[in-house]
**Q** 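Below is one structure. I have some questions about it.
Just so you know, these numbers use all the heavy atoms, side chains as well, and skip hydrogens, waters and symmetry mates. As the structure lists them, so they are numbered: ligands from 1, and atoms in each ligand from 1.
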Amino acid sequence: MFSVSCAPDVVPVAVTHQTTPALWPIRALSRSVTSRGGRDGDVSRWGVGKKKKKKKKSRSRSSSIIREAEHNVEPSCCSIRSNMLSMSDFVSGGSYEQCRETADWLLSNTQVRPTVGIVCGSGLGGLAEMIKDPEIFKYSDIPNFPRSTVHGHAGRLVFGTLKGKPCVCMQGRFHLYEGYPIQKITLPMRVFKLLGVETMIMTNAAGGLNQDYKVGDVMIIKDHINMPGFAGVNPLAGPNDDRFGVRFPCMSDAYDRELRQLAHDVASELGYSHFLREGVYCVLGGPSFETIAECRMLNRLGADAVGMSTVHEVIVARHAGMRCFALSLISNRAVMDYDSQEKANHEEVLETGRQRAEQLEKLVSTVVSRLEHNNNNF
Ligand SMILES: O=P(O)(O)O[C@@H]1C[C@H](O)[C@@H](CO)O1
């Protein structure tokens, strides 16, 4: 079994395990109206608690928006110019205006000008505790930010310096299964871009599909399979906003080669190579863990680990020209055998995070300490 020196888990626990679906429409309504009357955080399109009458109204509104857009878009790439429709008319989160508002609010409330952004995965929020001179904002206090609803995701944005580098760290992320629109869960990436972030570092907990992997291994993500994307669930779906990036961003270089090499070098220096892996991460929507048949299929498709996050963030970050580096902590083995008694569960995921926290934090902070300013993309 996995055995490493235990590090105390410093992750503050979110208030609720999960909000009930019944609360989503209420939350959405209370945060719904943007300055242009667009809906913010509208989960009604997921079919939760929607009334028939309202459905008709929103359908006619969206079809009129689409009609209007058809007359206004640039035919080559469907981009919207800033003097035409607002992105918030289409996108329930992540529009330029919303991100600008959030970034400006943050910039006026902190002196830190981060060049590095970090996202902490389930049970991995201890990384944020390494940040010096922290300035902390609760997600609930930040304009346009969603709330964290998952145990092990504290829901705080921490500004400060990590090994001398100005950074901003999400102590807790958002997931599709929480009921937020995909543009909303990736809004922080665009906000980070507007804050001046050049390099994104994401961490997550994931189930190990590769039969050579052990619980406690740390996998550098070299590529991903965006399973929801196969069904059109992509954070960039909808009109493109050229102020962030191009209509059709390349993803074959999503995970920066130099940063991956740097992580290998650092791991070797720290004596971590025996638990360091490099592989392919597959994202699913969750929240149910995978069936045995699904795990077998994903493994045959070439995935080494399976999870419920990160990929959407990487797509939006790459679209905006930020370098990405991502790590998966193999928190449990994906069950591939019908005779197995193992059952995936969130408590095991958090416990593995606690046990590997110290090394993961050291690895990430040392990588950060060696980051060069990235002038290439800007
Ligand atoms: O935020 P991450 O991807 O680390 O969280 C994983 C996926 C689910 O949210 C949860 C399952 O235990 O952990």
**Q** Show the protein residues that qualify under the rule heavy atom under 4.0 Å from an atom of ligand 1, listing them in chain and number order.
**A** Gly121, Ser122, His153, Arg173, His175, Tyr177, Asn204, Ala205, Phe289, Met308, Ser309, His346, Val349
**Q** Does Asp253 have any salt bridge (charged side-chain N to carboxylate O under 4.0 Å, His left out) partners at least two apart in sequence or in another chain, and if so, which?
**A** Arg318
**Q** Looking at every heavy atom in both Val112 and Cys167, which two are closest together, and how far apart are they?
**A** CG1-O, 4.0 Å
**Q** Relative to the ring of Tyr139, is the ring of Phe174 parallel (under 30°), tilted (30 to 60°) or perpendicular (over 60°)?
**A** tilted
**Q** Going by atom types only, do Arg323 and Thr199 share a side-chain donor-acceptor pair under 3.5 Å?
**A** yes
**Q** Name all residues meeting the salt bridge (charged side-chain N to carboxylate O under 4.0 Å, His left out) criterion together with Asp337; count only those two or more places apart in sequence or in a different chain, and write none if there are none.
**A** none
**Q** Show me the pairs that pass salt bridge (charged side-chain N to carboxylate O under 4.0 Å, His left out) and involve residues 269-284, at least two apart or across chains.
**A** Asp217-Arg277, Arg260-Glu278, Glu269-Arg370
